[in-house]
S.K.: 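Okay, here's the structure, questions in a sec.
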Amino acid sequence: MAEPYYVTTAISYPNGKPHIGHAYEAIAADVIARHRKAEGFDVRFQTGTDEHGLKMAQKARDLGITPAQLATEMSQHFIDMCAALNIEYDVFIRTTEARHHEATQELWRRMEANGDLYLDRYEGWYSVRDEAYYDESELVAGEGGAKLSPQGTPVEWTVEESWFFRLSKYQDKLLELYNSSDFIRPDTRRNEIQRFVEGGLRDLSVSRTSFDWGIKVPGSDNHVMYVWVDALTNYLTGLGFPDESGDYAKFWPADLHLIGKDIVRFHTVYWPAFLMSAGLPLPKQVYGHGFLLNRGQKESKSLGNVTDPIGLAETFGVDAVRYFLLREVAFGQDGSWSPEAIVTRANAELANSFGNLAQRSLSMIFKNLDGEIKVGFEESEADKALFAAVAEGIAGLRKSFTDLAFSDGLEAWMRAVFACNQYVDEQAPWTLRKTDPARMEVVLMTLFRVVRDLAIAVRPVVPNSIDKLLDQMGIATEARGYASLADADWFTALAARGFKVEKPEGVFPRLELPEGTEATA
RNA sequence: GGGCCCGUAGCUCAGUGGUUAGAGCUGGCCGCUCAUAACGGCUAGGUCGCGGGUUCAAAUCCUGCCGGGCCUACCA
């Protein structure tokens, strides 16, 4: 039976449309899921939207609709984005679903039963405009000595009844977790969190009475839960929790929570503490990826440089965007994108190097061999060397992808592609056609085989295009996982079936920079 | 202010004490013509942010500074 693998993205707060950061995370998670499927795992991939909280309630009020209506409308944008980017999730969770309320309330009860929740008063300097409490030390002095928030907004001393979670109790256990595993990745994030926890943890206010768009606290109907208690629990809800059989039994604990670097603390301090309190197993790893910058600048509404990811996929093609993001950006670090960078990368590697390799190979088979697949000949040293180089590149890709080092993996894959183009040049099958047709057959069949292997290897990244290519090569849909790379008989079976290559069509077209794109550095 | 990081060729990045600092892209030259004006070969290009220090030896360790990012208790 296949080993389970459970990966999640963060759930998105849908108070605006999806931006490129959401797309980046979804694509990375999708590639992880597809890679693990190709490796033979039984994969579960979950994403969704986090729909509660004051901001949603306020925005709905401003628009004159209910928060539930707003949530449904906005959530749809994220579902649409996933469709446009070819994100093959198993579950799209919405925190407004009844099952999520049940799951979250059950988690709460377990934390309460463990003695970790208590009712107290939250008091502090509150800024109505910022909707945030500030510590005395953060305040700045305004005109006439008036106290102001760091943003310069008025604050007033406010007292609110609140439930608290005994986070302080878990400090040592959390530090032990960080030190005894690779729970937090990459290392820079772990360093940051470790220092934060070493600095001491305060108990956490985990309920609010100032608004009601949220999950009700069991037994305290005037309280709704702090949004992070609500949001984090989504990872359990999607597996059927509190029913601990079925998917939950199979997939929990999660193998990987993929999140942005800005919310690492919630996932690596609060979340494991909640789970420890509730007596549930902890996820195996939290990975905080970097941010995508637009020409080196963060996208924001005030700068007016916010990019619609669906439009990006329409302009350049979904696979070019997927490939670019994983190839160009060192995963874990911040990265930068621009239309020129996407076009340059996609053309150089997908169109020119690999796409053209596939096209020239299939085209020569079609023209010179009438599309026939030939078997039964001796491999030369050059052929063997090429198979070895391709196997090495593919092994490198698989290893790096398992370690989430996508750009390294694609670089290894590209080295194999280069080796193939060198091979074509050295063997010059267009010359062999006249001088040694038998040898030409061997060369073309060697190319057919390595192109198939390279295509299967990169399929998790660019699935649509690769499927079009493998369709042209007669490779069955169910024979496109990595297990098929080890199948010694596929090629003879294909020939025995009488498969013939038709006139090939390129699957990675060259891109052009759209009109009006600024060519500024 | 405090914490965690980043700064290496025009661009994206490797390289954490030891020969003349590497790869790909871009640029230049040559070759090839099967192929998506694609491919192959050669080549150019760097005071490793700046200044001190430790060491026989520093991109790498220490320190100060400059520039950038994230977190600082509800934004991917």
Side-chain angles (χ1 to χ4, degrees), chain A residues 9-13 15-16 18-26 50 52-55 131-135 137-138 150 167 186-196 198-199 201-202 204-205 208 226-228 230-231 258-266 269-270 288-293 296-300 327-330 333-336 338 340-341 344-345 347-353 355-365 367-368 407-408 411 414-415 418 420-433 440 443-444 447 504-510 521:
Chain A
T9 67
I11 50 175
S12 305
Y13 200 65
N15 61 341
H19 52 66
I20 194 161
H22 296 106
Y24 179 53
E25 184 170 307
D50 170 22
H52 292 126
L54 183 60
K55 282 181 186 165
E131 303 157 19
Y133 280 94
Y134 294 101
D135 191 82
S137 63
E138 295 178 86
L167 185 62
D187 286 345
T188 68
R189 316 268 182 254
R190 190 192 55 211
N191 294 343
E192 183 180 327
I193 295 301
Q194 190 155 339
R195 294 301 293 269
F196 172 76
E198 283 168 359
L201 293 174
R202 301 212 301 254
L204 185 66
S205 168
R208 296 291 134 92
Y226 172 59
V227 291
W228 277 103
D230 171 350
L258 183 64
I259 59 168
K261 66 180 180 180
D262 54 335
I263 55 173
V264 171
R265 198 176 61 242
F266 305 103
V269 180
Y270 304 166
H289 66 248
F291 288 156
L292 270 184
L293 306 174
Q297 285 191 307
K298 188 170 177 173
E299 296 201 346
S300 69
R327 177 69 176 100
E328 184 94 351
V329 178
Q333 300 177 33
D334 288 354
S336 195
S338 64
E340 309 81 278
T344 300
R345 182 67 81 173
N347 282 350
E349 300 188 359
L350 286 181
N352 296 353
S353 292
N356 183 52
L357 169 71
Q359 183 68 8
R360 68 201 301 204
S361 301
L362 296 184
S363 185
M364 283 188 279
I365 292 168
K367 287 183 180 170
N368 300 319
S407 52
D408 290 347
E411 193 180 336
M414 274 308 300
R415 280 196 294 273
F418 290 149
C420 293
N421 278 320
Q422 285 165 359
Y423 173 88
V424 177
D425 205 62
E426 287 162 8
Q427 299 299 318
W430 49 91
T431 304
L432 294 171
R433 183 163 61 95
M440 178 195 72
V443 168
L444 296 185
L447 286 169
E505 277 185 38
V507 297
F508 292 110
R510 281 180 63 83

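Labels below follow one simple rule: chain letters A, B, ... track the order of the sequence lines, proteins then strands, and each chain is numbered from 1.
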S.K.: Rounding to a whole Å, what distance do you find between A:D334:CG and B:C4:P?
M.R.: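 Rounding to the nearest Å, CG of A:D334 and P of B:C4 are 18 Å apart.
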S.K.: Which residue, A:E411 or A:G335, contacts RNA chain B at a nucleotide closer to its 5' end, judged by nearest heavy atom?
M.R.: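 Here A:G335 is the residue nearer the 5' end.
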S.K.: Would you mind telling me which of B:G69, B:U33, B:A73 lies closest to the side-chain atoms of A:W430?
M.R.: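 The answer is B:U33, which lies nearest to the side chain.
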S.K.: Write down the distance between CG (A:N191) and P (B:C4), rounded to a whole number of angstrom.
M.R.: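 A:N191 atom CG is separated from B:C4 atom P by 8 Å.
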S.K.: Counting any heavy atom closer than 4.0 Å, what does A:T344 reach on the DNA or RNA strands: base, sugar-phosphate only, or nothing?
M.R.: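 Sugar-phosphate, backbone atoms only, no base.
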S.K.: For B:U60 versus B:U55, give the span between their P atoms, rounded off to a whole number of Å.
M.R.: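 Roughly 16 Å separates the two P atoms.
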S.K.: Counting heavy atoms from C-beta on, name the nucleotide in B:C70, B:A73, B:C34 closest to the side chain of A:R360.
M.R.: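 The closest nucleotide is B:C34.
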S.K.: Mind checking A:R510 for me? I need base, sugar-phosphate or nothing, with any heavy atom below 4.0 Å counting as a touch.
M.R.: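 Counting heavy atoms under 4.0 Å across all strands, the contact made by A:R510 includes a base.
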S.K.: Any strand is fair game: report the nucleotide pairing with B:U55 by Watson-Crick or G-U wobble, both distances under 3.5 Å, or none.
M.R.: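 Answer to the pairing question: none, since B:U55 forms no Watson-Crick or G-U pair.
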S.K.: Have a look at A:G53 and say if it touches a base, only the backbone sugar-phosphate, or nothing, with a 4.0 Å heavy-atom cut-off.
M.R.: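 Result for A:G53 = nothing.
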S.K.: Looking at B:G22, which nucleotide sits across from it as a Watson-Crick or G-U wobble partner, both distances under 3.5 angstrom, or is there none?
M.R.: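 In the structure as shown, B:G22 has B:C13 as its Watson-Crick or wobble partner.
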S.K.: For A:F196 and B:G2, what is the distance between atoms CZ and P respectively, to the nearest whole Å?
M.R.: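 One finds 18 Å between P of B:G2 and CZ of A:F196, rounded.
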S.K.: Let me know the distance between CD of A:E192 and P of B:G2, rounded to the nearest Å.
M.R.: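 My rounded result for the distance is 16 Å.
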S.K.: Rounded to whole Å, please give me the gap between CG in A:L357 and C1' in B:A38.
M.R.: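 A:L357 atom CG is separated from B:A38 atom C1' by 11 Å.
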S.K.: Return whichever of A:K261 or A:T188 has its heavy-atom-nearest nucleotide of RNA chain B closer to the 5' end.
M.R.: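 Nearer the 5' end of the strand: A:T188.
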S.K.: Go ahead and name the base partner of B:C65; Watson-Crick or wobble counts if both distances stay under 3.5 Å, otherwise write none.
M.R.: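 The answer is B:G49, by the H-bond criterion.
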S.K.: Does A:K367 place a side-chain N or O at less than 4.0 Å from the phosphate oxygens OP1/OP2 of B:A35?
M.R.: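 Checking A:K367 against B:A35: at least one side-chain N or O falls below 4.0 Å of OP1 or OP2.
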S.K.: Could you check which nucleotide pairs with B:U36 in any of the strands shown, counting Watson-Crick or G-U wobble with both distances under 3.5 Å?
M.R.: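 Paired with B:U36, as far as the under-3.5 Å criterion goes, is no nucleotide at all.
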S.K.: Of all the nucleotides listed (B:G3, B:A35, B:C74), which has the minimum atom distance to the side chain of A:N356?
M.R.: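 Of the candidates, B:A35 comes closest.
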S.K.: Could you measure the distance from the CG atom of A:D334 to the NZ atom of A:K261? Nearest 0.5 Å is fine.
M.R.: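 Rounded to the nearest 0.5 Å, the CG-NZ separation comes out at 3.0 Å.
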S.K.: Using the benzene-type ring in the case of Trp, are the ring centres of A:W228 and A:F266 under 6.0 Å apart?
M.R.: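 Judged by ring-centre distance (under 6.0 Å), A:W228 and A:F266 do meet the cut-off.
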S.K.: If I take atom CG from residue A:L350 and atom CG from residue A:N356, how far apart are they, to the nearest 0.5 angstrom?
M.R.: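 If we round to the nearest 0.5 Å, A:L350:CG and A:N356:CG are 12.5 Å apart.
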S.K.: Which value, in whole Å, describes the distance between the C1' atoms of nucleotides B:C11 and B:C56?
M.R.: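 Their C1' atoms lie roughly 38 Å apart.
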S.K.: Could you give the distance separating B:C29 and B:U16 at their P atoms, to the nearest angstrom?
M.R.: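 Each nucleotide's P atom is 37 Å from the other's.
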S.K.: With rounding to the closest Å, how many angstrom separate the P atoms on B:G17 and B:C62?
M.R.: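 Per the computed distance, 12 Å lies between those P atoms.
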S.K.: What is the nucleic acid contact for A:Y270, judged by heavy atoms within less than 4.0 Å: base, sugar-phosphate only, or nothing?
M.R.: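 Base: the residue A:Y270, judged by heavy atoms under 4.0 Å, touches a nucleobase.
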S.K.: Taking any heavy-atom pair under 4.0 Å as a contact, classify A:L362: base, sugar-phosphate, or nothing.
M.R.: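 Nothing, no heavy atom under 4.0 Å.
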S.K.: For A:Q333, answer base if it contacts any base atom (sugar-phosphate contacts may also be present), sugar-phosphate if it contacts only those atoms, and nothing otherwise; contact means non-hydrogen atoms under 4.0 Å.
M.R.: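 Sugar-phosphate, no base atom in range.
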S.K.: Can you tell which of B:C13, B:U36, B:A73 lies closest to the side chain of A:A330?
M.R.: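 For the A:A330 side chain, the nearest candidate turns out to be B:C13.
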S.K.: Is the side chain of A:E25 donor-acceptor paired with the backbone N or O of A:A10 at a distance under 3.5 Å, no angle test?
M.R.: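 Here the side-chain-to-backbone pair exists.
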S.K.: Could you please name the option among B:C4, B:C74, B:U36 that lies closest to any side-chain atom of A:Q359?
M.R.: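 The answer is B:U36.
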S.K.: Taking the C1' atom of each, how far is B:A37 from B:U33, in whole Å?
M.R.: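 Each nucleotide's C1' atom is 12 Å from the other's.
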S.K.: May I ask you to say what A:A10 touches in the nucleic acid, namely base, sugar-phosphate or nothing, with a heavy-atom cut-off under 4.0 Å?
M.R.: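 Sugar-phosphate only.
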S.K.: Report the C-alpha distance between A:V269 and A:L167 in whole Å, list the side-chain angles of each, state the deciding distance to 0.1 Å, and finish with yes or no for side chain to side chain contact (heavy atoms under 4.5 Å, CB included).
M.R.: CA-CA 9 Å; A:V269 180; A:L167 185 62; 4.2 Å; yes
S.K.: When rounded to the nearest 0.5 angstrom, what is the spacing between CZ in A:F508 and CD in A:Q359?
M.R.: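 The distance works out to 12.0 Å.
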S.K.: Measure CZ/A:R327 against P/B:C11 and give the value in whole Å, please.
M.R.: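 Result: 17 Å.
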S.K.: Could you measure the distance from the NZ atom of A:K367 to the CH2 atom of A:W430? Nearest 0.5 Å is fine.
M.R.: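 Atom-to-atom, A:K367:NZ and A:W430:CH2 are 13.0 Å apart.
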S.K.: Which of the following nucleotides, B:U36, B:C70, B:U72, is nearest to the side chain of A:R265?
M.R.: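 Looking only at side-chain atoms, A:R265 lies closest to B:U72.
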S.K.: Given the C1' atoms of B:U19 and B:A57, what is the spacing between them in whole Å?
M.R.: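 Pairwise C1' distance, B:U19 against B:A57, rounds to 12 Å.
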S.K.: Taking the minimum atom-to-atom distance to the side chain of A:N352, which one of B:C74, B:C25, B:A38 wins?
M.R.: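 For the A:N352 side chain, the nearest candidate turns out to be B:A38.
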S.K.: OP1 or OP2 of B:C74 less than 4.0 angstrom from a side-chain nitrogen or oxygen of A:Y226, does that happen here?
M.R.: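 Checking B:C74 against A:Y226, a side-chain N or O does come within under 4.0 Å of OP1 or OP2.
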S.K.: Measuring from atom CG of A:L362 to atom CG of A:L357, what distance do you get when rounded to the nearest 0.5 angstrom?
M.R.: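 Result: 9.0 Å between the selected atoms.
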S.K.: Is there a Watson-Crick or G-U wobble partner for B:C70 with both distances under 3.5 Å, and which nucleotide is it?
M.R.: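 Looking at the geometry, B:C70 pairs with B:G3.
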S.K.: Does B:C5 have OP1 or OP2 sitting under 4.0 Å from an N or O in the side chain of A:R189?
M.R.: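 The answer is no; no side-chain N or O of A:R189 sits under 4.0 Å from OP1 or OP2.
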S.K.: Please report the distance, rounded to the nearest Å, between CD1 in A:I365 and P in B:A35.
M.R.: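 Nearest whole value for this atom pair: 13 Å.
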S.K.: Using atom C1' in both nucleotides, what's the gap between B:A14 and B:A59 to the nearest angstrom?
M.R.: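 Those two atoms are separated by 12 Å.
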S.K.: Any side-chain N or O of A:Q194 below 4.0 angstrom from OP1/OP2 of B:C4?
M.R.: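 Result: no.
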S.K.: Let me know the distance between CZ of A:F291 and P of B:C5, rounded to the nearest Å.
M.R.: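 So the two atoms are 17 Å apart, to the nearest Å.
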S.K.: Within the structure provided, determine whether A:N352 and A:R510 are in side-chain contact (heavy-atom separation under 4.5 Å).
M.R.: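 Sidechains of A:R510 and A:N352: in contact.
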S.K.: Which nucleotide wins on minimum distance to the side chain of A:S363, given the candidates B:A35, B:C39, B:U36?
M.R.: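 The listed nucleotide nearest to A:S363's side chain is B:A35.
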S.K.: Using the C1' atom in both, what is the distance from B:G67 to B:G27, to the nearest Å?
M.R.: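 So the two C1' atoms sit 29 Å from each other.
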